[in-house]
Chemist: 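This structure is in structure tokens; I'll ask about it shortly.
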Amino acid sequence: MQLELSLRHDFGSFDIDVAFTAPKGVTALFGPSGAGKTTVIDAVAGLLRPQHGKVVANGDVLLDTAAGVFLAPNRRRIGYVFQEPRLFPHLSVRSNLLYGQRFAPRAAEGQDFDKVTAMLGIGALLDRRPGALSGGEKARVSIGRALLSKPRLLLLDEPLAALDAARREEILPFIERLRDAGLPVLLVSHSIGEVARLAQTVVLLRNGRVVAAGPAATLFADPSLAASLGGAEAGTVIPARVAGTEPDGLIRLDTAGGPVFVTDAPTTPGTALRLRIHASDVIVSRTRPEGLSALNILAGHVRRIEADPDGRAFVEIAIAEGQSILSRLTQRSVAALGLAPGVACHAILKTVALSRDDLGAA
Amino acid sequence: MQLELSLRHDFGSFDIDVAFTAPKGVTALFGPSGAGKTTVIDAVAGLLRPQHGKVVANGDVLLDTAAGVFLAPNRRRIGYVFQEPRLFPHLSVRSNLLYGQRFAPRAAEGQDFDKVTAMLGIGALLDRRPGALSGGEKARVSIGRALLSKPRLLLLDEPLAALDAARREEILPFIERLRDAGLPVLLVSHSIGEVARLAQTVVLLRNGRVVAAGPAATLFADPSLAASLGGAEAGTVIPARVAGTEPDGLIRLDTAGGPVFVTDAPTTPGTALRLRIHASDVIVSRTRPEGLSALNILAGHVRRIEADPDGRAFVEIAIAEGQSILSRLTQRSVAALGLAPGVACHAILKTVALSRDDLGAA
Amino acid sequence: GDPVIFAAASMKTALDEISADFTAETGTKPAISYAGSGALAKQIIAAAPADMFISAAEDWMDKVDQAGLLTPGSRADMLGNTLVLVATKDEPVDLTTLPAKLGPKDHLAMAMVDSVPAGQYGKAALSHMGLWDKLEPSVAQADNVRATLALVATGEAPYGIVYKTDAVAEPKVHVVATFPADSHPAITYPVALIKDGPAPAEAKAFYDYLKTPKAVAILEAQGFEVLTK
Amino acid sequence: MTSALGPVLSAEEWTAVVLSLKVATVAVAASLPLGIWVATVLARSRLPGLWLLNALVHLPLILPPVVTGYALLLTFGRRGWVGQFLDQWFGFTFAFQWTGAALAAAVMSFPLMVRSIRLAIEAVDPKLEQAASTLGASRIAVFLTVTLPLIAPGVIAGMIVAFAKAMGEFGATITFVSNIPGRTQTLPSAIYAFLQVPGGEVQAARLAGVSVIIAVGALVASEVIARRVAKRIGGQ
Amino acid sequence: MTSALGPVLSAEEWTAVVLSLKVATVAVAASLPLGIWVATVLARSRLPGLWLLNALVHLPLILPPVVTGYALLLTFGRRGWVGQFLDQWFGFTFAFQWTGAALAAAVMSFPLMVRSIRLAIEAVDPKLEQAASTLGASRIAVFLTVTLPLIAPGVIAGMIVAFAKAMGEFGATITFVSNIPGRTQTLPSAIYAFLQVPGGEVQAARLAGVSVIIAVGALVASEVIARRVAKRIGGQ
Ligand SMILES: Nc1ncnc2c1ncn2[C@@H]1O[C@H](COP(=O)(O)OP(=O)(O)OP(=O)(O)O)[C@@H](O)[C@H]1O
Ligand SMILES: Nc1ncnc2c1ncn2[C@@H]1O[C@H](COP(=O)(O)OP(=O)(O)OP(=O)(O)O)[C@@H](O)[C@H]1O
Ligand code: MOO
Ligand SMILES: [Mg+2]
Ligand SMILES: [Mg+2]
């Protein structure tokens with residue numbers, strides 16, 4: 001599926017004017033608080049009827065102000081996880097979860113109730129009312145309610161913000177699987193890790209305008225956008241493919257820069273994956289280091305160096321045509337190692353975060 | 001200030017039974033969703049009147065069910081940032097922010113309105129009503145409202161969850177300054193980074209019970225608690241002291257394991273700081289490595305190794321008496337390097353997060 | 001079937017008693033709707049299913065008559081009443097001294113002087129005696145005679161002008177003067193049968209029964225003057 | 001029951017009690033759907049002419065009851081323009097029937113019912129209704145599954161004030177359908193008749209007592225129900 | 001104004017209009033604080049005996065107005081147990097005064113006012129009040145700065161139904177303070193008087209028209225105010 005969106009609206013104190021195309025997969029809306037992310041999502045859901053705009057999902061025109069088209073929200077079959085939970089206070093958790101099901105076409109395929117509640121850890125709460133839930137519990141029920149409504153498009157507005165890391169780790173793979181099963185997702189998140197892990201496409205918003213939009217890999221590798229993407233959180237995404245499992249259980253992945261070993265990944269050889277590499281997790285060495293605990297050492301050469309005013313720099317290391325890794329170093333290290341564009345070097349990776357790539361995606 | 005709390009309450013479907021003492025500074029309540037964090041905070045604020053309990057803040061008895069003492073919430077002078085914003089819908093942002101001021105004693109010292117609004121980036125929203133704010137804007141106004149009420153104790157329930165990294169970076173130092181100025185803070189956060197940066201004391205909750213409580217440094221260095229503290233997010237905190245500024249602008253800090261260089265820190269020599277070291281950011285080497293971009297190499301020896309079932313291990317490296325660093329490695333590396341308790345090694349640090357220690361604290 | 005009788009509310013005590021006797025004798029049970037004469041007249045004009053109308057005032061009966069709804073020849077002035085001055089103190093009053101007896105804060109209770117019959121008669125009588133102009137500012141007008149009586153009975157007003165029939169039955173008040181019959185138009189309660197009622201035969205029987213000595217005795221015991229004996 | 005209350009109520013009065021209950025119940029039940037609809041329109045619609053509907057609904061409150069009764073008589077009486085039509089086409093008439101008393105009670109209590117329901121609707125968070133619509137619920141489904149359950153306490157409150165008013169309504173009823181025992185004589189009409197004759201106060205007080213007991217019973221019952229509903233909504 | 005309406009209203013009727021306005025306004029204004037207090041108690045308190053207060057408040061709705069008027073007479077009349085006391089100690093009396101008409105109107109409209117306000121209070125999120133209390137506001141301050149502004153639309157609704165009812169109240173008023181032109185003759189009394197004489201319907205309709213215009217004017221004004229308040233609360 002593909003989502004085309006253009007939207008102009010003036011709230012008086014804030015005006016928004018954005019347009020972007022979201023291909024198949026997860027598209028992340030990223031940007032500071034008040035940038036207009038929720039506004040965009042509301043327009044897709046049909047909760048905001050913008051002054052000017054057009055929204056086309058998979059060829060269906062949901063909105064076209066020029067042509068006077070406006071499809072009512074209930075006919076869009078959208079699963080919307082709101083920024084605040086918005087649970088129905090008069091219904092039990094179970095009834096909240098099942099609410100959307102009765103309105104969805106019988107034939108449409110949906111998620112399994114027990115699986116979803118287990119994944120969200122809300123199985124014990126089914127008979128409670130939302131008034132007696134904790135903040136994170138409400139957020140989880142809200143996710144479940146949207147997932148179980150058999151949506152054709154998922155809108156997630158900071159769905160995991162109220163959750164602990166462990167719980168997030170249980171929900172993220174589920175969203176990955178939905179994405180891989182072909183469900184298009186528009187995701188708002190302030191966590192660059194989440195975005196890098198889930199999103200193929202990133203739309204960077206600021207002040208009601210699109211600052212940058214494109215494939216996640218391209219945007220994340222652009223040192224000039226690194227600050228917009230959250231400074232210390234900046235990082236890159238490179239493609240990888242599962243090679244096999246080693247005798248000690250580590251899984252070997254092949255990348256353009258050499259092998260990478262991880263503990264936790266799909267084991268089917270050939271599976272395409274995306275590795276997210278945090279810029280501040282990358283150590284640079286001119287020579288291949290020995291005797292280190294770090295197993296993952298990728299060879300490449302310096303492509304670009306962007307110095308910060310605060311004494312640090314982003315170093316872009318090309319490991320293949322169109323594939324780069326960003327490293328965040330002190331300028332002292334840049335000088336000490338004699339790094340400059342064209343210089344050959346090694347990137348030493350400690351941690352890699354990875355997500356399964358949509359096999360059909362670019 | 002010191003906070004003593006004991007609390008027993010049965011909701012029917014959930015019962016809580018906790019007791020802990022929070023010394024001066026920031027005390028973090030950490031635990032999975034539904035653990036009882038908000039319940040504890042509500043009891044401190046006086047919004048929950050537990051079946052049994054006692055809360056003593058700085059010698060003032062706020063609650064003592066045995067003695068029938070219950071101080072009304074409005075007489076506790078507490079600044080509570082709720083998990084959901086709870087702004088007054090009928091008041092402008094400005095009036096929301098100023099709400100608490102008129103009830104506080106004139107003489108009490110408070111925060112400067114303009115500074116707080118500037119830090120929160122809500123200066124342009126002052127004449128709006130909460131209904132016209134974005135999620136993150138609401139969260140920021142809610143923080144401002146609590147800060148400006150001249151509180152004697154601050155309760156923060158996931159105050160930054162709805163905010164982007166950049167905004168968080170602007171608010172965190174402010175909270176640090178409040179803490180350093182002596183304002184006691186009880187913080188709920190799912191971000192281990194935030195907790196490690198702000199908190200001297202951590203109380204680990206699970207299922208309505210205290211799993212562990214104590215100084216942050218001790219808890220974070222305990223490999224058996226690492227999983228509870230969020231697996232991959234685990235890390236340690238070690239004390240450091242500012243030594244001076246190098247010619248290239250880097251700031252040199254002295255630790256028990258040797259010098260550490262950072263770009264962004266207080267420059268006054270002698271300032272006590274706390275360094276937060278992410279377990280997965282630590283690379284281990286038997287010999288002192290050369291030619292690496294990483295500047296920070298601390299010497300120590302292995303104290304303990306805790307293997308995970310998933311092929312990884314936490315290695316605790318002692319750099320001094322009572323000071324350890326955790327490193328998260330694959331078991332292959334542990335074997336390849338021949339690490340075992342007592343073995344001398346080097347910890348190579350890429351990134352360090354740091355926070356200014358309360359000079360009066362332990 | 002049972003005849004439907006529309007009767008002025010002030011007839012209730014007497015009529016209920018007569019109706020009970022009538023039922024005992026004939027087995028027919030009249031359904032009597034008590035309300036203000038004006039309301040009843042308007043309802044009859046609006047095609048209410050009534051067989052008989054007893055009005056507390058001639059003018060409302062005239063209205064029904066003009067609408068051509070009365071059974072020809074059935075209209076008769078059935079009852080007469082007397083206008084009296086009542087007070088809580090049992091102390092006869094010379095009507096001409098009434099203005100002097102009322103203190104500056106005292107009120108003379110009457111029914112509404114322009115719309116309710118008892119009030120209209122009272123105003124006519126006072127005017128005839130040349131007392132109206134002096135008394136008018138002190139008059140408190142109630143919406144019916146019973147409410148007027150209640151004002152006196154509760155001590156709210158020291159004096160009130162009501163029908164003798166009402167005064168008789170209220171133990172807390174005493175008749176302290178009687179208005180001369182020539183000081184106001186004759187007080188009469190006209191009765192008539194209504195055309196096209198649901199039970200004309202039974203209604204006629206009840207109409208006739210009202211003239212029996214037994215009925216007359218009940219009416220007179222209530223203080224009415226029976227004109228159709 | 002008739003026999004149990006025998007010493008307290010005469011057969012005729014007992015009939016009036018039963019009739020009042022019937023009238024009030026039917027008045028409330030029959031006007032409820034229209035009341036909910038009008039309240040929804042007044043709360044949510046932004047049409048320009050709505051003030052007129054609003055004024056119309058409030059009229060019975062503003063006018064003395066006798067005027068309303070008279071207007072009903074002129075409209076729904078057998079000679080009235082609507083009454084005539086109903087009579088001719090459906091053979092149905094309100095005039096001088098208990099149904100007319102119910103109509104009068106319904107009209108008189110309608111503004112009270114609408115106000116309560118409307119206030120409740122205005123208190124419903126539209127964000128919840130939006131959430132329901134994204135989950136596939138049509139406007140009607142949203143109303144039935146979200147709005148209606150959430151306004152239940154307000155609807156109950158509206159029904160109970162309407163019921164109380166209907167139990168006490170007198171002016172419009174007696175003017176419209178008269179005071180015919182067994183057919184249109186409600187408790188308040190019976191009380192009125194007693195108050196019109198000397199010595200009737202005691203009788204009137206007795207009937208008023210019965211009326212109060214019934215209405216207060218309904219009131220207390222409604223409170224219990226409303227509390228229970230509100231508790232469910234509030235959580236646990 | 002008197003002269004402008006000259007062709008429409010006689011001097012005496014004009015006096016009745018002014019008096020009705022005064023009575024309704026004072027009735028609403030004077031009962032408002034008590035109404036808010038009673039509504040708050042009914043909405044929030046959990047005392048066991050509250051159903052009695054609730055029943056008491058609803059009594060004027062349940063009972064025929066004449067009964068209420070009679071009860072007022074027995075209580076606040078010059079010989080009534082409260083009236084006597086007021087007269088002796090303060091030289092103040094409701095009897096036959098416009099203040100008595102205002103008292104009757106206030107009592108009759110009180111249940112309507114309380115219902116509206118109570119519904120509004122029940123819709124206030126206690127979490128907001130909690131937030132205010134943590135910010136240092138005492139219970140009274142919370143009420144004044146949070147609860148009261150949030151229930152403003154409900155208070156306005158309550159005031160307007162009470163005003164409408166007060167403009168139309170007749171039965172209790174005339175029973176309590178009777179009908180003294182210029183002092184206690186309100187519009188409904190004047191209308192009633194016209195309806196009691198044959199041919200008076202046209203006159204009655206004229207006065208009813210005046211009454212409706214005033215009340216509908218107040219209604220529309222209140223809607224505008226309530227909308228504005230609600231809009232401010234809803235955000236921009
Ligand atoms: N009124 C209530 N009735 C029953 N259970 C309740 C009630 N309030 C809270 N709980 C339960 O108590 C537990 C703790 O709630 P609490 O809000 O303290 O959690 P928390 O630690 O703040 O979680 P989160 O991170 O999700 O906000 C939850 O399981 C919740 O469902
Ligand atoms: N009804 C409204 N009237 C005026 N301004 C509004 C209205 N709704 C939203 N805005 C403004 O529009 C801007 C964008 O809001 P939006 O909710 O889309 O932000 P966001 O990107 O989702 O931010 P956050 O991360 O804080 O949720 C904000 O500055 C907000 O104040
Ligand atoms: O409106 Mo009334 O005065 O209760 O019948
Ligand atoms: Mg948002
Ligand atoms: Mg919580």
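Below, chains carry the letters A, B, ... as their sequence lines are ordered, and counting in each starts from 1. None of these values were measured; they are calculated from a predicted model.
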Chemist: Which region of E:Ala120, side chain (C-beta onward) or backbone (N, CA, C, O), has a non-hydrogen atom less than 4.5 Å from a non-hydrogen atom of chain D, or is it both or neither?
Modeler: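 For E:Ala120, there is no contact with chain D at all, as no heavy atom is under 4.5 Å.
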Chemist: Let's test your reading of the structure: which of D:Val67, D:Leu112, D:Val161, D:Val66 forms the most heavy-atom pairs below 4.5 Å with chain E?
Modeler: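 So the answer, after comparing D:Val67, D:Leu112, D:Val161, D:Val66, is D:Val161.
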Chemist: Go through the atoms of E:Leu42 and report whether side chain, backbone, both or neither lie under 4.5 Å from a heavy atom of chain D.
Modeler: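 For E:Leu42, backbone heavy atoms alone lie under 4.5 Å from chain D.
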Chemist: Which one wins on heavy-atom pair count under 4.5 Å against chain D: E:Ala204, E:Ala226, E:Ala205, E:Ala55?
Modeler: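 If we count pairs closer than 4.5 Å to chain D, E:Ala55 comes out on top.
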Chemist: Considering only heavy atoms, which portion of E:Val212 lies under 4.5 Å from any heavy atom of chain D: side chain, backbone, both, or neither?
Modeler: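 Contact with chain D: backbone and side chain both.
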Chemist: What are the two closest non-hydrogen atoms of E:Pro65 and D:Gly168, and how far apart are they?
Modeler: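 Reported closest heavy-atom pair: CD-O, 4.4 Å.
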Chemist: Can you pull out all donor-acceptor pairs below 3.5 Å that join chain D and chain E?
Modeler:
from, atom 1, to, atom 2, distance (Å)
D:Leu42, O, E:Arg227, NH2, 3.2
D:Asn54, ND2, E:Glu223, OE2, 2.8
D:Ile62, O, E:Gly168, N, 3.3
D:Arg118, NH1, E:Glu223, OE2, 2.9
D:Arg118, NH2, E:Glu223, OE1, 2.5
D:Arg118, NH2, E:Glu223, OE2, 3.3
D:Gly168, N, E:Ile62, O, 3.4
D:Glu223, OE1, E:Arg118, NH2, 2.5
D:Glu223, OE2, E:Asn54, ND2, 2.8
D:Glu223, OE2, E:Arg118, NH1, 2.9
D:Glu223, OE2, E:Arg118, NH2, 3.3
D:Arg227, NH2, E:Leu42, O, 3.3

Chemist: What is the minimum heavy-atom distance between E:Leu119 and D:Gly154, and which atoms define it?
Modeler: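 For E:Leu119 and D:Gly154, the tightest heavy-atom pair comes out as CD2-CA, 3.8 Å.
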Chemist: Say you draw a straight line from CD1 of D:Ile214 to CD1 of E:Ile62; how long is it, rounded to the nearest 0.5 Å?
Modeler: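 It comes to 10.5 Å.
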